Protein chains: 2
Amino acid sequence: MADTIRVVVVDDHEMVRRGLISYLLTEPNIEVVGEASSGNKGVKVVKETKPDVVLMDLLMEDGNGIDATKDIMSFLPECKIIIITSYYDDEQVFPAIEAGAFSYLLKTARADEVITAIQKAVQGETVIEPKVANKMLNRLRPKEKMPHDDLTEREMEVLLCIAEGMTNQEISQELFIGIKTVKTHVSNILSKLNVQDRTQAAIYANRHGLVKSELK
Amino acid sequence: MADTIRVVVVDDHEMVRRGLISYLLTEPNIEVVGEASSGNKGVKVVKETKPDVVLMDLLMEDGNGIDATKDIMSFLPECKIIIITSYYDDEQVFPAIEAGAFSYLLKTARADEVITAIQKAVQGETVIEPKVANKMLNRLRPKEKMPHDDLTEREMEVLLCIAEGMTNQEISQELFIGIKTVKTHVSNILSKLNVQDRTQAAIYANRHGLVKSELK
DNA sequence: AAAAAAATCAGTCTCGAGACCGATTGGAAT
DNA sequence: ATTCCAATCGGTCTCGAGACTGATTTTTTT
(Lines give C-alpha, C1' and ligand atoms only; values in the text may rest on other atoms or scores of the structure.)
Protein backbone atom coordinates (compact mmCIF):
# COMPACT_ATOMS: atom_id res chain seq x y z
CA MET A 1 0.00 0.00 0.00
CA ALA A 2 2.84 2.34 -0.76
CA ASP A 3 1.13 3.49 -3.91
CA THR A 4 -0.10 7.04 -4.02
CA ILE A 5 -3.84 7.45 -3.89
CA ARG A 6 -5.17 9.22 -6.98
CA VAL A 7 -8.03 11.59 -6.17
CA VAL A 8 -10.48 13.71 -8.18
CA VAL A 9 -12.36 16.59 -6.59
CA VAL A 10 -15.83 17.54 -7.86
CA ASP A 11 -17.56 20.60 -6.44
CA ASP A 12 -19.14 23.63 -8.07
CA HIS A 13 -17.61 25.95 -5.49
CA GLU A 14 -14.08 26.69 -6.55
CA MET A 15 -13.19 27.79 -3.05
CA VAL A 16 -14.25 24.44 -1.67
CA ARG A 17 -12.13 22.67 -4.27
CA ARG A 18 -9.18 24.86 -3.33
CA GLY A 19 -9.78 24.05 0.31
CA LEU A 20 -10.01 20.31 -0.24
CA ILE A 21 -6.98 20.30 -2.45
CA SER A 22 -5.01 22.24 0.14
CA TYR A 23 -5.97 19.52 2.60
CA LEU A 24 -4.67 16.82 0.34
CA LEU A 25 -1.44 18.56 -0.63
CA THR A 26 -0.12 17.95 2.87
CA GLU A 27 -0.35 14.19 2.38
CA PRO A 28 2.52 12.77 0.35
CA ASN A 29 0.68 9.55 -0.53
CA ILE A 30 -2.32 11.38 -1.93
CA GLU A 31 -2.28 12.98 -5.34
CA VAL A 32 -5.00 15.15 -6.83
CA VAL A 33 -5.18 14.10 -10.46
CA GLY A 34 -8.19 16.15 -11.48
CA GLU A 35 -10.99 18.44 -10.48
CA ALA A 36 -14.35 19.48 -11.91
CA SER A 37 -16.96 22.13 -11.24
CA SER A 38 -20.04 20.07 -12.03
CA GLY A 39 -21.37 16.54 -12.03
CA ASN A 40 -21.16 16.12 -15.78
CA LYS A 41 -17.65 17.52 -16.00
CA GLY A 42 -16.74 15.31 -13.09
CA VAL A 43 -17.79 12.18 -14.94
CA LYS A 44 -15.66 13.22 -17.87
CA VAL A 45 -12.60 13.88 -15.73
CA VAL A 46 -13.00 10.57 -13.94
CA LYS A 47 -13.24 8.78 -17.27
CA GLU A 48 -9.92 10.30 -18.29
CA THR A 49 -8.02 9.95 -15.06
CA LYS A 50 -9.41 6.74 -13.54
CA PRO A 51 -8.82 7.84 -9.95
CA ASP A 52 -8.97 5.67 -6.84
CA VAL A 53 -11.17 8.10 -4.97
CA VAL A 54 -13.60 10.87 -5.91
CA LEU A 55 -14.64 13.62 -3.53
CA MET A 56 -18.10 14.60 -4.73
CA ASP A 57 -20.51 17.37 -3.82
CA LEU A 58 -24.22 16.68 -4.20
CA LEU A 59 -25.84 19.96 -5.15
CA MET A 60 -24.42 21.27 -8.38
CA GLU A 61 -25.69 23.25 -11.30
CA ASP A 62 -24.87 21.02 -14.21
CA GLY A 63 -25.45 17.38 -13.29
CA ASN A 64 -25.95 16.61 -9.62
CA GLY A 65 -23.73 14.40 -7.54
CA ILE A 66 -26.18 11.51 -7.41
CA ASP A 67 -26.36 11.07 -11.15
CA ALA A 68 -22.66 11.58 -11.51
CA THR A 69 -22.05 8.89 -8.90
CA LYS A 70 -24.30 6.44 -10.74
CA ASP A 71 -22.52 7.19 -14.00
CA ILE A 72 -19.09 6.70 -12.54
CA MET A 73 -20.03 3.46 -10.81
CA SER A 74 -21.29 2.09 -14.09
CA PHE A 75 -17.93 2.28 -15.82
CA LEU A 76 -15.50 2.39 -12.91
CA PRO A 77 -17.06 0.36 -10.11
CA GLU A 78 -13.84 -0.03 -8.15
CA CYS A 79 -13.70 3.74 -7.70
CA LYS A 80 -14.55 4.90 -4.18
CA ILE A 81 -16.81 7.93 -4.17
CA ILE A 82 -16.89 10.04 -1.04
CA ILE A 83 -19.80 12.45 -0.80
CA ILE A 84 -18.92 15.77 0.80
CA THR A 85 -21.92 18.02 1.15
CA SER A 86 -23.45 20.70 3.35
CA TYR A 87 -26.72 18.98 4.04
CA TYR A 88 -27.65 15.83 5.76
CA ASP A 89 -31.24 15.42 4.64
CA ASP A 90 -32.80 12.03 4.62
CA GLU A 91 -33.67 12.88 1.05
CA GLN A 92 -30.06 13.24 0.03
CA VAL A 93 -28.29 10.50 1.90
CA PHE A 94 -30.16 7.46 0.69
CA PRO A 95 -30.14 8.19 -3.01
CA ALA A 96 -26.42 8.82 -2.67
CA ILE A 97 -25.78 5.48 -1.00
CA GLU A 98 -28.02 3.74 -3.53
CA ALA A 99 -26.15 5.41 -6.35
CA GLY A 100 -22.98 3.79 -5.08
CA ALA A 101 -21.41 6.38 -2.81
CA PHE A 102 -18.88 4.81 -0.48
CA SER A 103 -18.57 7.34 2.32
CA TYR A 104 -20.50 10.39 3.39
CA LEU A 105 -18.94 13.45 4.99
CA LEU A 106 -20.15 16.95 5.73
CA LYS A 107 -18.45 20.14 4.66
CA THR A 108 -17.77 20.83 8.28
CA ALA A 109 -15.17 18.06 8.12
CA ARG A 110 -11.64 18.98 9.13
CA ALA A 111 -8.59 18.15 7.07
CA ASP A 112 -7.71 15.03 9.04
CA GLU A 113 -11.24 13.69 8.70
CA VAL A 114 -11.14 14.01 4.95
CA ILE A 115 -7.70 12.42 4.77
CA THR A 116 -8.61 9.44 6.92
CA ALA A 117 -11.84 8.99 4.98
CA ILE A 118 -9.82 8.75 1.78
CA GLN A 119 -7.30 6.36 3.25
CA LYS A 120 -9.98 4.16 4.73
CA ALA A 121 -11.86 4.19 1.45
CA VAL A 122 -9.00 2.63 -0.47
CA GLN A 123 -8.83 0.00 2.26
CA GLY A 124 -12.50 -0.72 1.75
CA GLU A 125 -13.67 0.98 4.92
CA THR A 126 -16.69 3.27 4.81
CA VAL A 127 -16.84 6.48 6.83
CA ILE A 128 -20.19 8.01 7.64
CA GLU A 129 -20.56 11.30 9.47
CA PRO A 130 -22.31 10.61 12.81
CA LYS A 131 -25.06 13.15 12.12
CA VAL A 132 -25.73 11.49 8.82
CA ALA A 133 -25.63 8.04 10.38
CA ASN A 134 -28.28 9.15 12.83
CA LYS A 135 -30.51 10.24 10.00
CA MET A 136 -30.00 6.90 8.34
CA LEU A 137 -30.99 5.04 11.47
CA ASN A 138 -34.06 7.18 11.80
CA ARG A 139 -34.97 6.26 8.28
CA LEU A 140 -34.40 2.56 8.74
CA ARG A 141 -36.03 2.47 12.15
CA PRO A 142 -39.64 1.44 11.74
CA LYS A 143 -41.07 4.86 11.21
CA GLU A 144 -44.00 5.81 13.29
CA LYS A 145 -47.25 4.94 11.67
CA MET A 146 -48.94 7.87 10.06
CA PRO A 147 -52.72 8.08 10.00
CA HIS A 148 -52.78 8.28 6.23
CA ASP A 149 -50.90 5.01 5.87
CA ASP A 150 -54.20 3.28 6.40
CA LEU A 151 -55.83 4.97 3.44
CA THR A 152 -56.60 2.80 0.46
CA GLU A 153 -55.51 3.89 -3.01
CA ARG A 154 -58.91 5.19 -3.86
CA GLU A 155 -59.24 7.04 -0.61
CA MET A 156 -55.91 8.70 -1.22
CA GLU A 157 -57.14 9.88 -4.61
CA VAL A 158 -60.20 11.35 -3.00
CA LEU A 159 -58.11 12.98 -0.29
CA LEU A 160 -55.94 14.65 -2.89
CA CYS A 161 -59.07 16.05 -4.51
CA ILE A 162 -60.20 17.36 -1.15
CA ALA A 163 -56.76 18.86 -0.70
CA GLU A 164 -57.35 20.78 -3.91
CA GLY A 165 -60.55 22.24 -2.53
CA MET A 166 -62.94 20.21 -4.67
CA THR A 167 -66.52 19.51 -3.61
CA ASN A 168 -67.95 16.01 -3.48
CA GLN A 169 -69.78 16.74 -6.70
CA GLU A 170 -66.59 17.76 -8.46
CA ILE A 171 -64.74 14.77 -7.09
CA SER A 172 -67.41 12.40 -8.36
CA GLN A 173 -66.98 13.85 -11.84
CA GLU A 174 -63.21 13.81 -11.60
CA LEU A 175 -63.06 10.16 -10.61
CA PHE A 176 -66.08 8.97 -12.59
CA ILE A 177 -67.95 7.60 -9.58
CA GLY A 178 -71.23 8.43 -7.89
CA ILE A 179 -71.45 11.18 -5.33
CA LYS A 180 -72.63 8.63 -2.82
CA THR A 181 -69.42 6.73 -3.24
CA VAL A 182 -67.45 9.88 -2.78
CA LYS A 183 -69.29 10.52 0.46
CA THR A 184 -68.48 7.03 1.66
CA HIS A 185 -64.82 7.54 0.89
CA VAL A 186 -64.81 10.93 2.56
CA SER A 187 -66.37 9.54 5.70
CA ASN A 188 -63.79 6.77 5.83
CA ILE A 189 -61.00 9.24 5.22
CA LEU A 190 -62.16 11.53 8.00
CA SER A 191 -62.32 8.70 10.48
CA LYS A 192 -58.96 7.28 9.42
CA LEU A 193 -57.24 10.63 9.59
CA ASN A 194 -58.99 11.32 12.86
CA VAL A 195 -60.26 14.71 11.75
CA GLN A 196 -63.70 16.27 11.93
CA ASP A 197 -64.35 17.61 8.45
CA ARG A 198 -63.00 17.94 4.93
CA THR A 199 -61.32 21.23 5.73
CA GLN A 200 -59.16 19.60 8.38
CA ALA A 201 -58.48 16.78 5.97
CA ALA A 202 -57.33 19.26 3.35
CA ILE A 203 -55.06 20.93 5.88
CA TYR A 204 -53.70 17.56 6.91
CA ALA A 205 -52.91 16.59 3.34
CA ASN A 206 -51.18 19.85 2.60
CA ARG A 207 -49.14 19.95 5.79
CA HIS A 208 -48.01 16.35 5.45
CA GLY A 209 -46.80 16.88 1.94
CA LEU A 210 -49.26 14.51 0.35
CA VAL A 211 -49.89 17.02 -2.41
CA LYS A 212 -47.50 16.93 -5.33
CA SER A 213 -47.91 20.20 -7.16
CA GLU A 214 -46.74 23.17 -5.17
CA LEU A 215 -47.93 26.23 -7.00
CA LYS A 216 -47.34 29.56 -5.39
CA MET B 1 -2.77 52.63 -1.62
CA ALA B 2 0.43 50.64 -1.39
CA ASP B 3 -0.54 49.34 2.02
CA THR B 4 -1.38 45.69 2.31
CA ILE B 5 -5.01 44.90 2.95
CA ARG B 6 -5.51 43.05 6.21
CA VAL B 7 -8.21 40.40 5.97
CA VAL B 8 -9.98 38.09 8.42
CA VAL B 9 -11.88 35.01 7.20
CA VAL B 10 -14.90 33.74 9.14
CA ASP B 11 -16.56 30.50 8.06
CA ASP B 12 -17.47 27.36 9.93
CA HIS B 13 -16.27 25.15 7.09
CA GLU B 14 -12.56 24.78 7.39
CA MET B 15 -12.30 23.75 3.78
CA VAL B 16 -13.91 26.97 2.68
CA ARG B 17 -11.51 28.97 4.81
CA ARG B 18 -8.62 27.05 3.28
CA GLY B 19 -10.03 27.76 -0.16
CA LEU B 20 -10.50 31.46 0.46
CA ILE B 21 -7.07 31.80 2.02
CA SER B 22 -5.51 30.03 -0.93
CA TYR B 23 -7.19 32.64 -3.14
CA LEU B 24 -5.73 35.47 -1.15
CA LEU B 25 -2.23 34.07 -0.87
CA THR B 26 -1.70 34.77 -4.55
CA GLU B 27 -2.20 38.49 -4.00
CA PRO B 28 0.87 40.21 -2.56
CA ASN B 29 -1.06 43.23 -1.29
CA ILE B 30 -3.52 41.14 0.67
CA GLU B 31 -2.63 39.58 3.98
CA VAL B 32 -4.78 37.16 5.96
CA VAL B 33 -4.33 38.21 9.57
CA GLY B 34 -6.84 35.90 11.16
CA GLU B 35 -9.55 33.33 10.71
CA ALA B 36 -12.41 31.98 12.77
CA SER B 37 -14.86 29.08 12.62
CA SER B 38 -17.91 30.85 14.04
CA GLY B 39 -19.56 34.23 14.35
CA ASN B 40 -18.62 34.69 17.97
CA LYS B 41 -15.02 33.65 17.48
CA GLY B 42 -14.95 35.90 14.45
CA VAL B 43 -15.89 38.93 16.52
CA LYS B 44 -13.11 38.13 18.95
CA VAL B 45 -10.52 37.75 16.21
CA VAL B 46 -11.59 41.00 14.57
CA LYS B 47 -11.31 42.77 17.91
CA GLU B 48 -7.75 41.60 18.22
CA THR B 49 -6.57 42.10 14.69
CA LYS B 50 -8.54 45.16 13.51
CA PRO B 51 -8.59 44.08 9.87
CA ASP B 52 -9.58 46.23 6.89
CA VAL B 53 -11.86 43.56 5.46
CA VAL B 54 -13.76 40.58 6.84
CA LEU B 55 -15.00 37.71 4.69
CA MET B 56 -18.01 36.42 6.55
CA ASP B 57 -20.28 33.41 6.12
CA LEU B 58 -23.88 33.74 7.26
CA LEU B 59 -24.96 30.32 8.47
CA MET B 60 -22.78 29.20 11.33
CA GLU B 61 -23.25 27.11 14.43
CA ASP B 62 -22.08 29.45 17.14
CA GLY B 63 -23.17 32.99 16.38
CA ASN B 64 -24.49 33.67 12.90
CA GLY B 65 -22.96 36.08 10.43
CA ILE B 66 -25.66 38.72 10.84
CA ASP B 67 -25.13 39.17 14.55
CA ALA B 68 -21.37 39.03 14.15
CA THR B 69 -21.59 41.74 11.49
CA LYS B 70 -23.64 43.97 13.78
CA ASP B 71 -21.18 43.44 16.61
CA ILE B 72 -18.18 44.25 14.48
CA MET B 73 -19.76 47.37 13.00
CA SER B 74 -20.46 48.65 16.50
CA PHE B 75 -16.83 48.78 17.51
CA LEU B 76 -15.03 48.88 14.16
CA PRO B 77 -17.33 50.75 11.77
CA GLU B 78 -14.61 51.42 9.20
CA CYS B 79 -14.20 47.69 8.69
CA LYS B 80 -15.63 46.42 5.40
CA ILE B 81 -17.52 43.19 5.82
CA ILE B 82 -18.04 41.03 2.75
CA ILE B 83 -20.69 38.35 3.08
CA ILE B 84 -19.82 35.11 1.30
CA THR B 85 -22.60 32.57 1.52
CA SER B 86 -24.26 29.75 -0.34
CA TYR B 87 -27.76 31.12 -0.33
CA TYR B 88 -29.34 34.15 -1.82
CA ASP B 89 -32.63 34.19 -0.01
CA ASP B 90 -34.46 37.41 0.35
CA GLU B 91 -34.53 36.51 4.01
CA GLN B 92 -30.76 36.52 4.28
CA VAL B 93 -29.69 39.41 2.14
CA PHE B 94 -31.59 42.26 3.72
CA PRO B 95 -30.74 41.58 7.33
CA ALA B 96 -27.12 41.32 6.27
CA ILE B 97 -27.18 44.69 4.53
CA GLU B 98 -29.01 46.22 7.47
CA ALA B 99 -26.45 44.77 9.84
CA GLY B 100 -23.79 46.69 7.98
CA ALA B 101 -22.44 44.25 5.42
CA PHE B 102 -20.59 46.03 2.66
CA SER B 103 -20.61 43.53 -0.16
CA TYR B 104 -22.40 40.30 -0.87
CA LEU B 105 -20.90 37.38 -2.77
CA LEU B 106 -21.90 33.77 -3.30
CA LYS B 107 -19.72 30.77 -2.62
CA THR B 108 -19.71 30.12 -6.33
CA ALA B 109 -17.41 33.13 -6.66
CA ARG B 110 -14.09 32.56 -8.36
CA ALA B 111 -10.79 33.71 -6.95
CA ASP B 112 -10.63 36.88 -9.03
CA GLU B 113 -14.14 37.87 -7.96
CA VAL B 114 -13.24 37.60 -4.32
CA ILE B 115 -10.02 39.52 -4.83
CA THR B 116 -11.63 42.37 -6.70
CA ALA B 117 -14.42 42.54 -4.15
CA ILE B 118 -11.84 42.99 -1.43
CA GLN B 119 -9.91 45.61 -3.35
CA LYS B 120 -13.03 47.52 -4.23
CA ALA B 121 -14.21 47.34 -0.64
CA VAL B 122 -11.18 49.20 0.68
CA GLN B 123 -11.83 51.80 -2.01
CA GLY B 124 -15.38 52.17 -0.75
CA GLU B 125 -16.97 50.32 -3.63
CA THR B 126 -19.67 47.76 -2.95
CA VAL B 127 -19.91 44.51 -4.93
CA ILE B 128 -23.19 42.66 -5.06
CA GLU B 129 -23.56 39.33 -6.82
CA PRO B 130 -26.00 39.78 -9.75
CA LYS B 131 -28.29 37.00 -8.55
CA VAL B 132 -28.47 38.62 -5.17
CA ALA B 133 -29.03 42.03 -6.68
CA ASN B 134 -31.96 40.63 -8.59
CA LYS B 135 -33.47 39.34 -5.41
CA MET B 136 -33.03 42.75 -3.87
CA LEU B 137 -34.75 44.45 -6.75
CA ASN B 138 -37.58 41.98 -6.55
CA ARG B 139 -37.96 42.83 -2.91
CA LEU B 140 -37.91 46.57 -3.48
CA ARG B 141 -40.06 46.41 -6.58
CA PRO B 142 -43.72 46.86 -5.69
CA LYS B 143 -44.57 43.26 -5.23
CA GLU B 144 -47.55 41.91 -7.03
CA LYS B 145 -50.71 42.32 -5.07
CA MET B 146 -51.82 39.19 -3.34
CA PRO B 147 -55.49 38.53 -2.72
CA HIS B 148 -54.95 38.33 1.00
CA ASP B 149 -53.44 41.79 1.11
CA ASP B 150 -56.98 43.13 1.10
CA LEU B 151 -57.94 41.29 4.26
CA THR B 152 -58.50 43.37 7.35
CA GLU B 153 -56.74 42.46 10.57
CA ARG B 154 -59.77 40.75 11.94
CA GLU B 155 -60.39 38.86 8.76
CA MET B 156 -56.83 37.60 8.83
CA GLU B 157 -57.36 36.33 12.36
CA VAL B 158 -60.45 34.49 11.23
CA LEU B 159 -58.63 33.09 8.22
CA LEU B 160 -55.90 31.70 10.42
CA CYS B 161 -58.54 29.98 12.51
CA ILE B 162 -60.03 28.51 9.36
CA ALA B 163 -56.55 27.40 8.36
CA GLU B 164 -56.39 25.47 11.61
CA GLY B 165 -59.58 23.65 10.74
CA MET B 166 -61.82 25.39 13.24
CA THR B 167 -65.59 25.64 12.76
CA ASN B 168 -67.42 28.95 12.89
CA GLN B 169 -68.63 28.04 16.36
CA GLU B 170 -65.09 27.42 17.58
CA ILE B 171 -63.84 30.60 15.95
CA SER B 172 -66.54 32.65 17.65
CA GLN B 173 -65.41 31.30 21.00
CA GLU B 174 -61.76 31.76 20.18
CA LEU B 175 -62.19 35.40 19.20
CA PHE B 176 -64.99 36.24 21.64
CA ILE B 177 -67.45 37.34 18.99
CA GLY B 178 -70.83 36.13 17.82
CA ILE B 179 -71.12 33.36 15.31
CA LYS B 180 -72.98 35.73 13.02
CA THR B 181 -69.99 38.00 12.97
CA VAL B 182 -67.76 35.08 12.16
CA LYS B 183 -69.99 34.22 9.25
CA THR B 184 -69.81 37.76 7.97
CA HIS B 185 -66.04 37.68 8.13
CA VAL B 186 -65.89 34.30 6.47
CA SER B 187 -68.07 35.48 3.63
CA ASN B 188 -65.90 38.53 3.12
CA ILE B 189 -62.76 36.40 3.26
CA LEU B 190 -64.07 33.97 0.67
CA SER B 191 -64.96 36.74 -1.73
CA LYS B 192 -61.67 38.57 -1.18
CA LEU B 193 -59.59 35.43 -1.66
CA ASN B 194 -61.74 34.52 -4.62
CA VAL B 195 -62.42 31.01 -3.33
CA GLN B 196 -65.64 29.05 -2.99
CA ASP B 197 -65.57 27.68 0.53
CA ARG B 198 -63.66 27.53 3.80
CA THR B 199 -61.75 24.46 2.69
CA GLN B 200 -60.24 26.31 -0.23
CA ALA B 201 -59.53 29.23 2.08
CA ALA B 202 -57.70 26.91 4.46
CA ILE B 203 -55.67 25.50 1.58
CA TYR B 204 -54.89 29.01 0.38
CA ALA B 205 -53.66 30.09 3.79
CA ASN B 206 -51.47 27.04 4.22
CA ARG B 207 -49.95 27.18 0.77
CA HIS B 208 -49.22 30.88 0.95
CA GLY B 209 -47.41 30.53 4.23
CA LEU B 210 -49.86 32.61 6.20
CA VAL B 211 -49.76 30.06 9.00
CA LYS B 212 -46.94 30.43 11.51
CA SER B 213 -46.70 27.12 13.31
CA GLU B 214 -45.42 24.34 11.12
CA LEU B 215 -45.88 21.13 13.05
CA LYS B 216 -45.15 17.89 11.29
C1' DA C 1 -62.69 -22.66 -1.88
C1' DA C 2 -63.38 -19.42 1.66
C1' DA C 3 -62.58 -15.18 3.88
C1' DA C 4 -61.27 -10.46 3.97
C1' DA C 5 -60.72 -6.12 2.00
C1' DA C 6 -61.86 -2.62 -1.37
C1' DA C 7 -64.94 -0.17 -4.28
C1' DT C 8 -69.28 0.84 -5.60
C1' DC C 9 -74.04 2.84 -4.66
C1' DA C 10 -78.98 3.90 -2.04
C1' DG C 11 -81.84 6.12 1.44
C1' DT C 12 -82.44 9.11 5.21
C1' DC C 13 -81.51 12.62 8.38
C1' DT C 14 -79.29 16.46 10.76
C1' DC C 15 -76.58 20.39 10.95
C1' DG C 16 -73.25 23.67 9.75
C1' DA C 17 -71.81 26.65 5.95
C1' DG C 18 -72.51 30.36 3.31
C1' DA C 19 -75.43 33.73 0.55
C1' DC C 20 -78.26 37.67 0.86
C1' DC C 21 -80.36 41.54 3.11
C1' DG C 22 -80.17 44.78 6.62
C1' DA C 23 -78.55 47.41 10.91
C1' DT C 24 -75.56 49.77 14.52
C1' DT C 25 -71.29 51.53 16.42
C1' DG C 26 -66.84 53.72 16.55
C1' DG C 27 -62.75 55.31 14.59
C1' DA C 28 -60.08 57.22 10.79
C1' DA C 29 -59.71 59.90 6.81
C1' DT C 30 -61.22 64.00 4.10
C1' DA D 1 -68.91 67.90 9.84
C1' DT D 2 -69.09 64.32 6.80
C1' DT D 3 -67.77 60.30 4.68
C1' DC D 4 -65.81 55.85 4.70
C1' DC D 5 -64.83 51.56 6.58
C1' DA D 6 -63.97 47.96 10.01
C1' DA D 7 -66.30 45.31 13.24
C1' DT D 8 -70.19 43.81 15.23
C1' DC D 9 -74.80 41.25 15.10
C1' DG D 10 -79.87 39.56 13.44
C1' DG D 11 -82.91 36.94 10.31
C1' DT D 12 -83.82 33.84 6.71
C1' DC D 13 -82.99 30.49 3.37
C1' DT D 14 -80.74 26.91 0.66
C1' DC D 15 -77.62 23.36 0.01
C1' DG D 16 -73.79 20.53 0.65
C1' DA D 17 -71.43 17.78 4.11
C1' DG D 18 -71.21 14.00 6.79
C1' DA D 19 -73.25 10.31 9.93
C1' DC D 20 -75.59 6.01 9.99
C1' DT D 21 -77.37 1.78 8.04
C1' DG D 22 -77.24 -1.48 4.60
C1' DA D 23 -76.22 -3.73 0.11
C1' DT D 24 -73.65 -5.63 -4.17
C1' DT D 25 -69.56 -6.68 -6.78
C1' DT D 26 -64.80 -7.39 -7.51
C1' DT D 27 -60.25 -8.19 -6.08
C1' DT D 28 -56.98 -9.91 -3.02
C1' DT D 29 -55.48 -12.81 0.51
C1' DT D 30 -55.43 -16.97 2.95
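If you're wondering where the values come from, they're calculated on a predicted model, not measured in any experiment. Order of the sequence lines sets the chain letters (A, B, ...), proteins ahead of strands, with each chain counted from 1.
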CD of Gln169(B) versus P of dA17(D): gap in Å, rounded?
-> 21 Å
Under 4.0 angstrom, heavy atoms only, what part of the nucleic acid is Thr184(A) near: base, sugar-phosphate, or nothing?
-> base
Please check if any side-chain donor atom of Lys183(B) sits under 3.5 Å from a side-chain acceptor atom of Ser187(B), or the reverse.
-> no
Side-chain heavy atoms of Val7(A) within contact of Asp52(A), under 4.5 Å | no
Side-chain donor/acceptor contact of Lys180(B) with base of dG10(D) under 3.5 Å | no
What's the verdict on side chain to side chain contact (heavy atoms under 4.5 Å, CB included) for Leu20(A) and Val114(A), showing C-alpha distance, side-chain angles and the deciding distance?
-> CA-CA 8 Å; Leu20(A) 283 171; Val114(A) 176; 4.2 Å; yes
Nearest of dA7(C), dA17(C), dT8(C) to any side-chain atom of Asn168(B)?
-> dA17(C)
Roughly how many Å is it from CE in Met156(B) to C1' in dA7(D), rounded to a whole number?
-> 16 Å
Which of the following nucleotides, dA6(C), dG18(D), dT8(D), is nearest to the side chain of Thr181(B)?
-> dT8(D)
Using atom CD of Glu155(B) as one end and atom P of dA7(D) as the other, report the distance to the nearest whole Å.
-> 6 Å
To the nearest angstrom, the CZ-P distance between Arg154(A) and dC9(C) comes to 9 Å
Whole-Å distance separating the CZ atom of Arg198(B) from the C1' atom of dA17(C) | 7 Å
Result for 5'-nearest mapping on DNA chain D, choosing between Ser191(A) and Phe176(B), is Phe176(B)
Taking only side-chain nitrogens and oxygens of His185(B), does any of them come within less than 4.0 Å of OP1 or OP2 of dT8(D)?
-> yes
Check every strand shown and say whether Ile179(B) touches a base, only sugar-phosphate, or nothing at a heavy-atom separation below 4.0 Å.
-> nothing
Separation of Gln196(A) atom CD from dA17(C) atom C1', in whole Å?
-> 16 Å
Could a donor-acceptor pair under 3.5 angstrom be found where the side chain of Thr152(B) meets the base of dC5(D)?
-> no
Length of the CG-P vector between Asp197(A) and dA17(D), whole Å | 12 Å
The side-chain hydrogen bond (donor to acceptor under 3.5 Å, both in side chains) partners of Lys70(B) (sequence neighbours excluded) come to none
Could a donor-acceptor pair under 3.5 angstrom be found where the side chain of Ser187(A) meets the base of dC20(D)?
-> no
Ile5(A) versus Pro51(A): any side-chain heavy-atom pair under 4.5 Å?
-> no
Would you mind reading off the distance between Ile189(B) atom CD1 and dA17(C) atom P, rounded to a whole angstrom?
-> 13 Å
